[in-house]
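Below is one structure, written out as structure tokens; comments come after it.
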Amino acid sequence: MFLAHIKKSPRFLQLWGTFLVLLSGTLYGFIGFLGTEILRDRFSVLDMLFWRFFIASIWILIFSFFIRDKSLLTSFKLSGLINVLFLSSIFYSSSTAFYFLASKDTGTGPAMVIFFSFPVFVVLFAWLTYKERISKIAMSALAAIIIGLYLLKGRGGSSLNINGIFFGIASALFYAFYIVSSKRHVIKFSPNLLTILICLGNALIFLILAYLTHTLTHPTHLHTWIYVMLLGIFATAVPIQLLFIGLKYISPIKASILTVTEPVMTLIVGMLLLGETISLIQMTGVFIILLGATLIQFE
């Protein structure tokens, strides 16, 4: 009886939502490593993204059928589903495409820093659209995240140019749209249904783009299939599910700040699996990011 009461308490639900969003960001951190391994097998970026979301779609369909998720049917409303499929897919795919364009012009480090400024846009949307009051703790956590990301970028790489900055800001803006709109959708629809719609929508978009650019191909080696499966399931479908479930219990502002654990995990994975090194400045950035993610829990 006591445990049941605890699980229904607002504080427990917020902590549970926080844990799910942190886990989502952690799993997203493997995208860099898995994507790098797939691209080595003569894959184009568009081709990799198609297989990523196609595998994710297959996984979530099988998962929903296996657990007999009846909410897929009870939350069925054609007009709402079309809206989710169109808007969420456009926001997500546009953010992904602009991020890769920014990486091409500025390098992955600066592109990452610009992209992960998206919590700033989430805060602005919340303030403009929902008239939410932004607390001093939230603003302090936001400032810590931005400083930490700048340090995490490190030194070197391509010089920044206008196109790269524009693409990076566009990527952050579209992802902020995705986060804010997702908060509204999770109230109406099942997280599994939302994941299915977003993955199917993105798979279709990148299939068309890969076909039009004549880059469509399929994995030819066993190890590539394994990386594609891991990318589609554990670094795409599962994190999207976890984010949607977490958004039921915490605000888009808190969720967006917590997801910046992704570049930290990307850095750790790069060190462990790709043999990359990390400087003292980058380590300081990691500490400040984690400090910001911890600080937001007191908001």
Side-chain angles (χ1 to χ4, degrees), residues 1-30 60 63-64 66-72 74-75 84 88 116 118-119 122-123 125-127 129-145 148 175-176 178-196 198 233-265 268 286-299:
M1 191 72 177
F2 176 74
L3 290 176
H5 175 73
I6 291 295
K7 290 182 179 180
K8 292 181 180 179
S9 68
R11 183 58 180 167
F12 174 83
L13 293 177
Q14 285 203 6
L15 289 174
W16 178 240
T18 297
F19 169 75
L20 294 177
V21 173
L22 283 172
L23 183 57
S24 173
T26 300
L27 292 176
Y28 269 134
F30 286 88
I60 192 62
F63 175 80
S64 299
F66 181 78
I67 66 171
R68 298 181 180 180
D69 187 357
K70 296 181 180 179
S71 61
L72 295 181
T74 57
S75 61
V84 173
S88 297
F116 278 101
F118 74 85
V122 173
V123 169
F125 293 156
W127 179 65
T129 306
Y130 302 107
K131 305 300 180 182
E132 286 193 22
R133 184 181 64 86
I134 311 303
S135 69
K136 293 180 180 180
I137 292 179
M139 292 301 295
S140 299
L142 199 60
I145 293 299
Y175 197 77
Y178 165 72
I179 291 290
V180 173
S181 64
S182 296
K183 176 63 177 180
R184 185 173 68 253
H185 293 148
V186 295
I187 300 174
K188 301 178 181 178
F189 301 105
S190 158
N192 289 331
L193 178 59
L194 290 174
T195 307
I196 291 171
I198 288 177
I233 297 173
F234 294 106
T236 302
V238 175
I240 292 176
Q241 284 179 282
L242 294 174
L243 177 62
F244 283 146
I245 298 173
L247 277 170
K248 284 186 173 184
Y249 309 116
I250 62 177
S251 70
I253 295 174
K254 179 178 271 190
S256 64
I257 292 176
L258 290 172
T259 54
V260 295
T261 54
E262 178 184 338
V264 175
M265 192 62 193
I268 294 173
V286 170
F287 174 77
I288 295 176
I289 289 173
L290 295 178
L291 180 64
T294 303
L295 184 63
I296 194 60
Q297 300 311 306
F298 298 95
E299 187 260 338

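In this text, all values refer to a predicted model and were calculated from it rather than measured experimentally.
- Considering only heavy atoms from C-beta on, Tyr28 comes within 4.5 Å of Ile240 through its side chain.
- The heavy-atom pair separating Val21 from Ala255 by the smallest distance is CG1-O, 3.6 Å.
- Residues passing the side-chain hydrogen bond (donor to acceptor under 3.5 Å, both in side chains) test with Thr236 are Arg52, sequence neighbours excluded.
- Taken from CZ in Phe19 to OG1 in Thr26, the straight-line distance is 8.5 Å, to the nearest 0.5 Å.
- Of all heavy-atom pairs between Gln14 and Ile250, the closest is O-CG2, 3.6 Å.
- Listed here is the closest heavy atom pair of Ser24 and Pro239: OG-O, 2.8 Å.
- Contact check for Phe66 versus Phe63: no side-chain heavy atoms found under the 4.5 Å cut-off.
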What do the steps show when you test Leu23 against Val238 for side chain to side chain contact (heavy atoms under 4.5 Å, CB included), and what is the final call? CA-CA 10 Å; Leu23 183 57; Val238 175; over 6 Å; no
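- From Leu13, atom CG reaches atom OG1 of Thr18 across 10.5 Å, with rounding to the nearest 0.5 Å.
- In this view, Leu20 and Trp16, Leu242, Ile245 satisfy the side chain to side chain contact (heavy atoms under 4.5 Å, CB included) rule, not counting sequence neighbours.
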